[in-house]
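To start, the structure itself, in structure tokens.
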Amino acid sequence: MSTSIGKRELDDAGRALLQRASGGRGQFEDLVIVPIFAVIAALVLGALVMLATGVDIGTIGKSFVALGKGSVGSLNAISETLTSAIPLILAGLGLGLGFRAGLFNIGAEGQIVMGGLAAAIFAFSFPGLPAILLIPLSLLAGAIAGAIYAGFAGVLKATTGAHEVITTIMLNLSSFLILIWALKQPYVQVAGRSDPISKSVPEAGQLPRLLDWIDPNLRVHAGLFVMLIMVAFIWWLLFRSKIGFAFRASGENPDAARYAGMKSGLIIVAAMGTAGALAGLGGASQVLGVLERASPGFSAGIGFDAIALALLGRSHPVGILLAGLLFGGLEAGGRQMQVDAGVSIDLIGIIQALIIVFIAAPLLVRAIFPWGFRKDKEGGAA
Amino acid sequence: ASAFTACQVTDTGGIDDSGFNQTAWKGVEDAIAADGIEGRFLESQQESDYAANLNSLLDGSCDVIITVGFLMGDATKTAAEANPDQKFSIVDFAYDPTIPNVVGQVYATEQAAFLAGYLAAGMTQTGILGTFGGINIPPVTVFMDGFVHGANLYNERHGTSVSVLGWNPDSKEGLFTGNFDQLDDGRAFAQNLYDEGADIVMPVAGPVGLGSASLADELGTDALKIIGVDADQTQTDPEKAHVYLTSVLKRMDSTVHQVIQSAMDGSFEGGLVVGTLENEGVGLAGFGSFEDAVPAELKAELDEIRAGIIDGSISVTGM
Amino acid sequence: MDVELRGITKRFGPVVANDNVNLVIRGGEVLGLLGENGAGKSTMMNMLSGLYTPDEGEILIDGKPVKFDGPGDGIEAGIGMVHQHFMLVPVFTVAENVVLGVEPTGRLGHLDLKKARAQVEEINQKYGLHVPADALIENLPVGIQQRVEILKVLFREADVLILDEPTAVLTPQEVEEFFGIVNGLKEAGKAIVFITHKLHEILAISDRISVLRQGRITGEGDPKTLDEEKLAEMMVGRHVSFTVDKTPAQPGSEMLRLEKVTLLDDKDDRLIDDVSFTVRSGEIVGIAGVQGNGQTELVEVITGLARGNAGRITFAGDDITHTSVRDRHRRGMAHIPEDRHRMGMVDKFTIAENMVLNSYYDEAYAAPLGSIDWNRVNETAAAFCVDFDVRTPSVFLPGGSLSGGNQQKMVVARELERQTQLVVASQPTRGVDVGSIEYIHKRLVESRDEGDGVLIVSSELDEIMGLSDRILVMFEGRIVAEFDNTGGKADRNQVGLAMAGATEGEAA
Amino acid sequence: MSNVTINTAGAEQVASTSDRRARITGVILLLLSALVLFALDVAPGEVATFRLTTVRDAVQLPDLVVPGGFNTIVAALLAFIGVRQFLRGGGKWSTLSIGGGLFLVVLAFLVWADAGKSFNLTGMLQATMVRAVPIALGGLAGVLSERVAVVNIAIEGMLLAGAFTGALVGSLIGSWVGLFAAVAIGGMFGMMLAALVVTFRMDQIIAGVVINLFVLGLTSYVTSQVFASNRWMNNAEVFRAWKIPLLSDIPVLGPVLFQQNIFVYGALILVGVATYYLFHTKGGLRARAVGEHPRAADTLGVDVYWTRYFHVTLAGMVAGFGGAWFTLGSVGRFDENMTNGKGFIGLAAMIFGRWHPVGALSAALIFGFADSLQQKLALLNTPIPSEFLAMAPYIATIIVVAGLIGKARPPAADGQPYVKE
Ligand SMILES: Nc1ncnc2c1ncn2[C@@H]1O[C@H](COP(=O)(O)OP(=O)(O)OP(=O)(O)O)[C@@H](O)[C@H]1O
Ligand SMILES: Nc1ncnc2c1ncn2[C@@H]1O[C@H](COP(=O)(O)OP(=O)(O)OP(=O)(O)O)[C@@H](O)[C@H]1O
Ligand SMILES: [Mg+2]
Ligand SMILES: [Mg+2]
């Protein structure tokens, strides 16, 4: 054929096709109004739960004030929110990427464990390196460990078809045991301690705190930049790069991807590996930035929260960033709730769940708050 | 508002863990009852909460801050060094060198577990005892070590061959649930030991042990008895009190209470408090419903061994 | 039983699929329904069967207005529909599919499959359908699956049968048999609505014809007074040529060569059995055959989707037996896949993204750092859409939102607008309206005239006869016959016989 | 007219895929044989003793004594099957050989670990059943909902809710009422999941994750806020083992199958009933149709929404029953997050069991076996660290899924919402 792809002069008919359909009010409602109502509805229901368990009104009021104060009410609150959000978002990005590629990887928790462990071991193994090398290399070690651990599930799926849900669940459960075992090994365990705790990350390996010149207790650390860079990178990877196109195509329609010459096995392994690297990075940043050593249970369920996060953010990097900030805020605010009002921190779990329900089911919010939305049908159907 | 306030930060087990967080909190509650102080606690859900929770207590409203568990060792140290005027105490952890404003509270648990092992060896019908742990870490395995060595001493003295399943003090390997929260593991692991002939089992896995108690309740105490750990389980698990032969006490409540009192009367001094049989920081609880079943000779022997341990004539490490 | 649609309007968001439609359907009569892709035929029939509810207007049965809340109500009222896309559960047996929803049961809610089988047999007998009741749907050829659909409707004793493009996937022989069945039903007094894009079929079977255009009825007619040309004009609004205009082929160098290619399945049965042939540049080779005789697999082996177990494939002189899909694509092999939904496109991707589904990595779209230059992609896609008349308001809409025919045009556009040397086109015009067929055929011939080799696989004998310079017939995994078709000289009957597996002697 | 037949029938020797698979199988088996021969070598004189009864049993059975030579025989057997596969295996024998091979390796492993020692085999099998119960019920709940194409990540939450309710109501009113309440609450969460995904068209996985979060939050909150200070609210009577007369006296089999509590019997019966229901009744046919091709079902008048509501609710009830096992069937009291991922393992069992009730049960049994096996191994002082022993069930699952199951096909519409128009 003579027509060559790429350079084409467009006539008017062609240019008309380049109009983007505008989102309109429906989109605005979904993106702005729904979340606001979702948070309100969740808080109201949370209050009802407290009432039902015998907490008095005053305390309930106090706890909500504390929730706000603890999440965004002060510099420290914001710092805490960001600190909590960093590993959540990193792991969430990995899961989101996997979902886009059609992989239901629920193994972030195990990948975080491996990443954090590897980062700690690397950092204390090379205490002589300058920070400029030690920090990036330790992060890299974490990312690689996470990638390998996830890649294992990827390879199994690509070669034998073993379902990633099964393998990643099993790898999660195994990772906790591996962690404890590793932490007791003489090379890893800190000298003089009998309990399973790794040697500390040397000063040069710690992600520097960003605001300690204001107050040494402000914990937000340079992992923030790592996280932001990754959000941008993953956005680019998914929506701008060739490999991302292949990821998304295989996620949506594996047969079409095969038809288009994409190698499904390779994509599975690559996507799992990338996802694992991100989760591993999350674990590494937690260890290098907050905990400064690895210990049993340091992963703290971040990998599971990250699933909710990735889903809530619709597997879109920006969505995941926003969802992560929300979760981080709830976590930090929840601590304040406990401090100021003495309400059990478990309540935050309930409120988190309720917020997700309402955000993820706009139809539900519309049903509860019919007056908040325009009645027209077009607006409603997404 | 000028009342003396004691604050506690739990580790991730939470305040109602039927284990050391709860027992330490009991110490605070005792102080509230006895000395009229105020008490409050913060629960940590994950490790990164430790520092944050400690920070939120540093505004001067707490007269003494009690942290719980070896996992909080680093966070407590950091906070204590940054706030030299604030009094701290940490349960189940010791600093070397010591920090001037922190009291570490540690326990010679193996001494009490030794007694339990001796007792159990004297009480078994099948000649087989069992134990299992949460995870294979020293705070857990010291109980198991003591238990095995105690049973060995009984064998030595009585020419019996009571064996302990579930822990090998030499290879440091044994039976572990891998967690501290799946109660049904407690039942399954006890069942496993029971199937192998054990009739007295000591679970060292926090609330998981409650599952073992449930099995003993169902099988009947003739078939299976349980030895509790940490607190007197006839008190913390009153519904199943009848299945506990005894409990290996780690009197965190008592040491916490002591520390609070020292902070109140000004005698607070950084360093170490070691709970031993001698100072009753560790010990054996009563025999509960088995009070009559335990032979008087055995009780006498236990008293004698207790004395032996205190005066150092009996080693609890099996040497 | 008579059915009437009065003033029916249906909208999907901004799209008005049906606009104030009036239509009467009578018992003992076949109504042919005709219209371009996306004209709104299926939508209308889905409302009649109760699957959709009309936004405006009403449906009357024997003069009485009815309101359907779901397909159950439609069935109740005696309206049965055979859908354009099969509504069969592939992992169920024929009997299970047929009785679904009206299952005969024994005690304890036990499913009485024996009774179901007997009932299926009974209808089989009555209408001469010959469907094996116990076979799994996924193991049946599409022709038989089609009959299962009819069986389902008959089993429910429908008086009105709506057949939405039932012949799209049938071979000429199967169509013959199918028409026999339809005539039998008509004689039994049933009202039948027959939708197709094949004009000769609609002329052959209908008693009355209605033409739908952009959601409106734009013409009615009597098949006796109409011919294909007129029908096409009513439908598309312009003259349509049915014969493919082409000059005699000028075959050049060898583009594709298969030597003794064999492919086995899991059970070691031969899907492709020792197949050898060549395609030269500048010629169109058509592979005729009843579906399920190895054509699908043959295309997969040629395009690299499957690996043959033996044999050799060369492309423009190079051995490509073991190269990847992408390598073959890079060398200039275009592939229009048989099943666009499964393979040819990603429903949720935009039209623009679908347009570069297999060329996104091309130099032409490269931006720094391994990025894709989306502006270039979008412009190219827009141009493709214009060329191939893909009807859409924007290239940023999801590919899945296009009507079936337009989806096919999108896929064909993507494959033919590239620099190619060989075009492998499998069922290139399935489900496409006549206007678009004309265009796609024209473009295939253009490809040939510019020196490409073209391999067309189609179960549509007319398409093969009209387009090919040479015809190969495939039967049970083998090439059983070859015909020279220069100037259309191959004998249609002979080809048909070979497709049915007649041996050489019989064919001659 | 040219009518040339190109094809000359020539059956050329072609390498088939099954040949290749057989060869891979053969190599794997030979490797396993080497593993048994070298890593699991037992001195011929040593014996492994498997006790079939405990000292407490009325009827004493002789011990099962396996000489160390057993492993040599296993190695030889594995080598034999391996060579056979390599040379002329194929077809269904490949999978069968791998399955049999793995089984033999497990046996050899047991003999190796138990060499010179003894353990109670009957107890281990009994524990296998018990440990399989919550997983099998979780898996069954998964089967019921995924057969109507609703992905059920919420099993974990439903189990937890069942456990919590069972303990609470069981303590307040009585165990039977507690059991019914647990089933009801499970059903309620099932209905809630159905409402979210069917009516409000929420993403199925998000909905499941949310229910898990919600239940975990709520039960933990109430546990710390209420139970901690009101212990009597969390102390239910446990359903005890119920010996089936006569049958329970059968050696080995009796204790394993017929001396269990209602949860074990319940799980077995439910698996049977569900299998019958799904594959032999009208309701089951409709359910499967909705899971495979909802639009086809819809066009035939099957109410897709109702079918999904009904089965997901049913699934919730099954999970609620399974949840009650943790409290009413095991320890009588609730503790935060006490299900600790069993629901997810149930989900794995469902996939592993290919969306079939019996498959899910079998998967759960394999898991239960590996679990009780590791407990025995921990008592035998094997040189393997306890952490790695505890990993046995997980690793076994991975091996079986990768080695035997391979790709499993879910119901075709699984996870997809159905929009009527
Ligand atoms: N075909 C395209 N043309 C131009 N830009 C594109 C194209 N596809 C993706 N992009 C770019 O990628 C970015 C992200 O795409 P978008 O947010 O629409 O992702 P998506 O897959 O539609 O996500 P979601 O499913 O959450 O809506 C867009 O801002 C857009 O600039
Ligand atoms: N479910 C739907 N949602 C949105 N738009 C739809 C839907 N179904 C059909 N449409 C649109 O309605 C119009 C009519 O579609 P319909 O399927 O009735 O066409 P048709 O005449 O059957 O075409 P074809 O010959 O390609 O089958 C098209 O523009 C189509 O894109
Ligand atoms: Mg978008
Ligand atoms: Mg149509």
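Values reported hereafter were calculated over all heavy atoms of this structure, with side chains retained and with hydrogens, waters and symmetry mates removed. Residue numbering restarts at 1 for every chain, and letters A, B, ... go by the order of the sequence lines.
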**OP:** Please look at D:Leu389 and chain A and tell me whether the side chain, the backbone, both or neither of the residue comes under 4.5 angstrom of a heavy atom of that chain.
**Re:** neither
Original post:
chain A heavy atoms under 4.5 Å from D:Ser220: which part of the residue, side chain, backbone, both or neither?
Top reply: both
**OP:** Can you tell which part of A:Ala367 gets under 4.5 Å to a heavy atom of chain D, answering side chain, backbone, both or neither?
**Re:** side chain
Original post:
Side chain, backbone, both or neither: which part of D:Val210 has a heavy atom under 4.5 Å from chain A?
Top reply: both
Subject >> Contact class of A:Phe104 relative to chain D, heavy atoms under 4.5 angstrom >> reply: side chain
**OP:** Give a yes or no on whether A:Phe176 atom CZ has more than 12 heavy-atom contacts from other residues, nucleotides or ligands under 6.0 Å away.
**Re:** yes
Original post:
Hey, what do you get for CH2 (A:Trp181) to CE (D:Met391), rounding to the nearest 0.5 Å?
Top reply: 8.5 Å
Subject >> Heavy-atom pair with the smallest gap, counting every atom of D:Ile206 and A:Leu312 >> reply: CD1-N, 4.4 Å
**OP:** Could you tell me whether the side chain of A:Ile166 reaches within less than 4.5 Å of the side chain of D:Ile398, counting heavy atoms only?
**Re:** no
Original post:
Looking at A:Leu177, A:Leu179, A:Ile178, which one forms a side-chain contact (heavy atoms from CB on, under 4.5 Å) with D:Glu387?
Top reply: A:Leu177
**OP:** Just give me the residue among A:Asn172, A:Leu173, A:Thr167 that pairs up with chain D most often, heavy atom to heavy atom, under 4.5 Å.
**Re:** A:Leu173
Original post:
Between A:Ser174, A:Ala52, A:Gly349, which has the largest tally of heavy atom pairs under 4.5 Å with chain D?
Top reply: A:Ser174
Subject >> Between CZ on residue D:Phe344 and CZ on residue A:Phe304, distance to nearest 0.5 Å >> reply: 6.5 Å
**OP:** Check whether D:Ala207 gets within reach of chain A through its side chain, its backbone, both or neither, counting any heavy atom under 4.5 Å.
**Re:** neither
**OP:** For residues D:Ile345 and A:Met170, determine if any side-chain heavy atom of one lies less than 4.5 Å from a side-chain heavy atom of the other.
**Re:** yes
Subject >> Residue D:Leu347 versus chain A: region with a heavy atom under 4.5 Å >> reply: side chain
Original post:
Rounded to the nearest 0.5 Å, what separation is found between the CE atom of D:Met202 and the CG atom of A:Leu311?
Top reply: 9.0 Å
Subject >> Region of D:Ser386 that comes under 4.5 Å of a non-hydrogen atom in chain A >> reply: neither
Original post:
Are any of the side-chain heavy atoms of D:Tyr394 and A:Ile169 separated by less than 4.5 Å?
Top reply: no
Original post:
Would one find more than 12 heavy atoms of other residues, nucleotides or ligands at under 6.0 Å from atom CE of D:Met188?
Top reply: yes
Subject >> Interatomic distance, A:His163 atom NE2 to D:Met350 atom CE [nearest 0.5 angstrom] >> reply: 7.5 Å
Original post:
Where does D:Leu218 contact chain A at under 4.5 Å (heavy atoms): side chain, backbone, both or neither?
Top reply: both
Original post:
Given D:Leu213, which of A:Leu354, A:Ile307, A:Asp305, A:Ile355 fulfils the side-chain contact (heavy atoms from CB on, under 4.5 Å) condition?
Top reply: A:Asp305
